[in-house]
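Lettering follows sequence order; numbering is per chain, from 1.
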Amino acid sequence: MWMGGFTAEKTKMNREIRVRFAPSPTGALHIGGVRTALYNYLFARKTGGKFLLRIEDTDQTRFVPGAEEYIKESLDWLGISPDESPWNPGDCGPYRQSERKPMYMQYAMDLIEKGHAYYAFDTAEELEAMRERLTAARVVSPQYNSITRTQMKNSLTLPEDEVKARLASGEPYVIRIKIPRKEEVRLNDLIRGWVMVHSSTLDDKVLMKSDGMPTYHLANIVDDHLMKITHVIRGEEWLPSAPLHVLLYKYFGWEETMPQFAHLPLLLKPDGNGKLSKRDADKHGFPVFPMDWTDPNSGEKAMGFREQGYLPEAFLNFLAFLGWNPGDHREIFSLEELIEAFSIERIGKSGTKFDINKAKWYNEQYLRAKSDEELGAYLMADLEKEGMQITPEKAGQIVHIMKERATFPADLWKEGKFMLIAPTEFDEAIASKKWNLEAITVLKTYTEKMSAFEGDLTPETAKSILEEAAETNGIKLGKVMQAVRLAVTGVGAGPDLMAVFSIIGKEELIKRITFAIEALPEQG
RNA sequence: GGUCGAUUCGUCUAGGGGUUAGGACGCAUCCCUUUCACGGAUGAAACACGGGUUCGAUUCCCGUAUCGACUACCA
């Protein structure tokens with residue numbers, strides 16, 4: 001007896017840590033779900049445990065084809081693939097609840113035998129009538145509970161013979177949990193501390209549906225137990241039903257191995273209030289899903305972070321900091337560093353508003369850290385789509401001067417195309433201010449000197465020739481620089497001009513300048 | 001309505017009985033520079049309110065307000 005508590009603790013502590021991510025395949029995986037998966041993954045890696053994925057598809061009416069593949073691909077893209085899953089099963093399969101269907105009824109029956117659950121035969125209409133009656137009587141929360149169940153059609157009110165007859169006749173029924181009238185239910189949440197709820201505020205939730213499938217409540221307890229889950233890390237929206245789950249563990253006699261709970265703060269809209277939704281994405285023009293998604297039923301499209309040009313490591317870093325921080329001032333974390341620094345204790349309690357600016361900033365940081373070779377490959381791929389080709393060397397040179405000003409890989413081409421395609425139009429505001437006789441004179445001299453130049457056009461040689469051209473005409477280089485840029489690029493802003501010249505090359509440079517002088521009328 | 005939860009700059013947050021309340025994003029100014037960007041520097045910007053407890057509260061307690069989640073044979 002005196003050792004009881006000790007052994008229980010010991011048993012608990014010696015168990016291998018196992019956590020799970022349990023999404024429903026009802027559509028694209030929401031960013032909040034991705035964060036939940038990430039925290040589960042980090043916790044498992046940090047503790048040397050296992051990260052499993054279980055598909056919660058007990059609602060067959062909400063099944064969406066492709067959703068499961070979407071979940072898998074999203075996690076793979078981010079590099080946080082589960083150790084055990086439907087497509088990579090371990091010893092606790094199956095990993096789809098629909099495939100576990102035969103397992104649940106015996107547990108529901110166990111509860112009935114113990115007197116913690118009962119059959120109910122009420123139709124949807126009868127339930128609706130009950131709610132209306134209660135609402136009319138100004139009952140604060142109309143629900144199927146210890147009081148109202150005495151007036152409903154269930155195995156608690158019906159004679160035993162009739163219950164048997166109804167069951168035998170194949171009449172549809174559900175199995176409900178019998179919530180005790182007076183009991184304090186408490187749980188120690190890893191993030192929120194002690195949460196206490198009185199059982200009188202709970203209702204007799206359905207455990208087995210009339211289609212023979214369990215509800216989430218039954219299935220998640222049975223499966224977590226069978227899959228030896230030690231920690232349930234999930235969204236805050238589950239907090240209100242957590243006491244029900246605690247009660248179920250107790251009634252099954254599984255208290256000793258009941259997982260610890262950690263309810264994550266919600267991801268909120270960037271403006272106003274409320275949970276982040278697809279509507280916000282459409283409204284603000286940023287994604288809330290990891291990847292593009294087209295709903296197979298409605299045809300509705302949603303954009304993804306991946307297709308928008310977010311790098312997986314940047315997205316991951318951003319996501320990790322939505323509700324968690326390492327406690328110091330570091331901001332940039334690789335997946336390995338996140339694992340090293342992660343702890344549930346440092347997850348915040350309050351909801352987190354979604355700020356796409358921060359996501360962009362992270363992307364810029366990671367983009368700049370990439371090598372010219374890697375980014376050059378991006379650029380070459382983009383160019384190929386346009387039917388153009390350049391050497392890896394040239395691609396490397398271009399991205400080298402472009403990456404400081406890009407947010408997404410696609411910007412490399414979008415913002416840098418002027419280096420491969422000559423301008424046909426010129427920024428009028430710059431032209432009217434800077435395109436004058438002095439500039440034209442210098443540019444003419446420059447093309448002459450450039451034609452005569454034999455050798456490597458490096459940023460340095462390009463510059464010294466330009467300086468000579470200005471000096472020859474007794475003009476200060478700074479005065480005409482903007483015009484020179486305009487002539488070659490068509491615009492007034494961009495990366496270091498001499499580096500651009502070196503990339504463009506001598507022949508093209510002369511062509512562009514000559515064209516500009518012909519095309520642009522001299523201003524005052 | 002009920003139950004549960006949350007509340008530090010605009011946003012993400014650190015901190016915690018005595019601090020000039022720290023950092024990051026964004027914003028502004030300046031520097032660098034041939035422009036823009038990068039980078040650097042500087043600046044504006046916060047403890048929801050009211051009561052306690054205390055020598056002292058942003059920090060602890062209690063209320064209030066606000067916001068949110070949940071309240072299905074959905075998860």
Side-chain angles (χ1 to χ4, degrees), chain A residues 22-26 56-59 61-62 97 120 122-124 127 131 135 138-144 172-176 189 191-192 195-198 200-203 205-217 219-220 234-243 263 265-266 268-275 318 321-332 346 348-362 364 368 401-406 415 430 434 463 466 476-486 489 491-498:
Chain A
S24 284
T26 55
E56 309 239 327
D57 55 352
T58 51
D59 186 354
T61 63
R62 292 212 306 163
Q97 288 183 329
D122 315 279
T123 63
L127 289 171
R131 286 190 195 102
T135 308
R138 296 228 181 80
V139 172
V140 282
S141 51
Q143 53 185 16
Y144 209 115
Y173 65 92
V174 299
I175 296 175
R176 287 181 181 270
D189 188 273
I191 294 172
R192 280 148 223 287
V195 176
M196 274 162 270
V197 174
H198 196 87
S200 61
T201 65
L202 267 27
D203 64 341
K205 282 266 180 301
V206 170
L207 262 22
M208 289 295 291
K209 299 187 268 188
S210 56
D211 66 356
M213 274 289 199
T215 58
Y216 169 84
H217 300 106
N220 108 86
R234 82 230 292 197
E236 193 188 305
E237 64 268 29
W238 294 109
L239 199 50
S241 57
H263 288 95
L266 262 14
L268 272 18
K269 298 174 185 297
D271 56 352
N273 301 297
K275 240 163 129 178
F318 165 70
F321 272 69
L322 252 30
W324 171 87
N325 76 84
D328 56 35
H329 287 157
R330 292 176 298 160
E331 303 273 346
I332 305 294
R346 294 210 63 87
K349 292 178 169 62
S350 52
T352 300
K353 283 188 185 169
F354 186 83
D355 180 13
I356 196 66
N357 269 329
K358 198 86 172 214
K360 285 183 180 168
W361 178 78
Y362 270 113
E364 287 163 1
R368 280 169 206 149
I401 60 171
M402 287 308 299
K403 67 180 172 189
E404 298 291 301
R405 46 216 312 127
E415 311 289 325
I430 305 288
K434 305 286 185 180
K463 179 152 199 191
L466 185 58
K476 269 199 79 181
L477 185 55
K479 279 186 77 178
V480 299
M481 213 50 197
Q482 279 289 80
V484 176
R485 176 181 291 279
L486 183 73
T489 70
V491 292
D496 177 71
L497 236 203
M498 295 309 119

Exercise for the section: Tell me what G323(A) touches on the nucleic acid: a base, only sugar-phosphate, or nothing, going by heavy atoms under 4.0 Å. Expected result: sugar-phosphate
Exercise for the section: Between C12(B) and C47(B), how far apart are the C1' atoms? Round to whole Å, please. Expected result: 16 Å
Practice task
Taking atom C1' in both G68(B) and C62(B), compute the distance separating them and give it to the nearest angstrom.
Solution key: 22 Å
Practice task
Mind checking R138(A) for me? I need base, sugar-phosphate or nothing, with any heavy atom below 4.0 Å counting as a touch.
Solution key: nothing
Problem - K205(A) with D203(A): basic N within carboxylate O range, under 4.0 Å - result: yes
Exercise for the section: Have a look at K358(A) and say if it touches a base, only the backbone sugar-phosphate, or nothing, with a 4.0 Å heavy-atom cut-off. Expected result: base
Problem - Residue M498(A), side-chain atoms from C-beta onward, closest of G5(B), C38(B), U34(B) - result: U34(B)
Practice task
Quickly work out the E404(A) CD to G39(B) C1' distance and round it to whole Å.
Solution key: 8 Å
Problem - Rounded distance in Å - CZ (R234(A)) to P (G5(B)) - result: 15 Å
Problem - Residue from F354(A), W361(A), W324(A) passing ring-ring contact (aromatic ring centres under 6.0 Å, His included) with F318(A) - result: F354(A)
Problem - From R192(A), K349(A), K275(A), residue fulfilling salt bridge (Lys or Arg N to Asp or Glu O under 4.0 Å) relative to E236(A) - result: R192(A)
Fill in the blank from the handout: Nearest-nucleotide check on RNA chain B, V197(A) vs W324(A); residue mapping nearer the 5' end is V197(A)
Practice task
Name the nucleic acid region contacted by G494(A), choosing base, sugar-phosphate or nothing; use a 4.0 angstrom heavy-atom cut-off, strictly under.
Solution key: base
Completion exercise
D189(A) atom CG is separated from U3(B) atom C1', nearest whole Å, by 16 Å
Handout entry: Residue E331(A), side-chain heavy atoms: nucleotide from U3(B), A24(B), U35(B) that is nearest
Key = A24(B)
Practice task
Evaluate the ring planes of Y216(A) and W238(A), with Trp represented by its six-membered ring, and classify them as parallel (under 30°), tilted (30 to 60°) or perpendicular (over 60°).
Solution key: parallel
Fill in the blank from the handout: By nearest-nucleotide position on RNA chain B, the 5'-leaning member of H329(A) and L477(A) is H329(A)
Exercise for the section: Using a heavy-atom cut-off of under 4.0 Å over every strand shown, decide if P495(A) touches base, sugar-phosphate, or nothing. Expected result: base
Practice task
Using the P atom as the reference point in each nucleotide, state the distance between G18(B) and G10(B) in Å, no decimals.
Solution key: 24 Å
Practice task
Assign R485(A) to base, sugar-phosphate, or nothing according to its heavy-atom contacts below 4.0 angstrom with the strands shown.
Solution key: base
Completion exercise
Answer for the Watson-Crick or wobble partner of U34(B), both distances under 3.5 Å, is none
Handout entry: Closest listed nucleotide, where the reference is the side chain of Q482(A) and the choices are G5(B), U34(B), A24(B)
Key = U34(B)
Practice task
Find the partner of C55(B): check Watson-Crick (N1-N3 plus N6-O4 or O6-N4) and G-U wobble (N1-O2, O6-N3) distances, both under 3.5 Å, and reply none if neither fits.
Solution key: G18(B)
Handout entry: Value in whole Å for how far the P atom of C25(B) lies from CD1 of I332(A)
Key = 9 Å
Problem - Heavy-atom pair with the smallest gap, counting every atom of L202(A) and P243(A) - result: CD2-CB, 4.2 Å
Handout entry: Span that lies between the P atom of U53(B) and that of C61(B), in whole angstrom
Key = 16 Å
Practice task
With a 3.5 angstrom cut-off on both distances, give the Watson-Crick or G-U wobble partner of A46(B), or none if there isn't one.
Solution key: none
Completion exercise
d(K434(A) NZ, R485(A) CZ) to nearest 0.5 Å is 12.5 Å
Exercise for the section: Using whole Å, report how far OH of Y362(A) lies from C1' of U11(B). Expected result: 13 Å
Practice task
Measure from the side chain of T352(A), starting at C-beta and using heavy atoms only, and say which of U13(B), A24(B), G22(B) lies closest.
Solution key: U13(B)
Practice task
Considering non-hydrogen atoms only, spot the tightest contact between R62(A) and T26(A) and give its length.
Solution key: O-CG2, 3.5 Å
Problem - OP1 or OP2 of U13(B) under 4.0 Å from side-chain N/O of N325(A) - result: no
Exercise for the section: List the protein contact pattern of nucleotides 69-75 of chain B with one symbol per nucleotide (5' to 3'): B for base contact, S for sugar-phosphate-only contact, - for none; contact means a heavy-atom distance under 4.0 Å. Expected result: SS--BBB
Handout entry: R346(A), nearest nucleotide to its side chain (from A14(B), A24(B), C4(B))
Key = A14(B)
Handout entry: Closest non-hydrogen atom pair, I191(A) against G348(A)
Key = CG2-O, 3.7 Å
Problem - Separation of G23(B) P from F321(A) CZ (nearest whole Å) - result: 16 Å
Practice task
For C31(B) and U13(B), measure between their C1' atoms and round to the nearest Å.
Solution key: 29 Å
Problem - Interatomic spacing from CE in M498(A) to CD1 in I401(A) - rounded to 0.5 Å - result: 11.5 Å
Completion exercise
All heavy atoms of V484(A) vs all of L497(A), minimum pair found to be CG1-CD1, 4.0 Å
Exercise for the section: For nucleotides A45(B) and U54(B), find the distance between their P atoms and express it as a whole number of Å. Expected result: 35 Å
Completion exercise
A69(B) -> Watson-Crick or G-U wobble partner, both distances under 3.5 Å, gives U3(B)
Exercise for the section: In whole angstrom, give the distance that lies between atom CD of E364(A) and atom C1' of C38(B). Expected result: 10 Å
Handout entry: Same-atom distance (P) from A46(B) to G23(B), integer angstrom
Key = 14 Å
Problem - Distance in angstrom units between K349(A) NZ and U7(B) C1', rounded - result: 12 Å
Exercise for the section: State the pairing partner of C25(B); accept Watson-Crick or G-U wobble contacts with both distances under 3.5 Å, and report none otherwise. Expected result: G10(B)
Exercise for the section: Using the C1' atom on both, measure G15(B) against A72(B) and round to a whole Å. Expected result: 43 Å
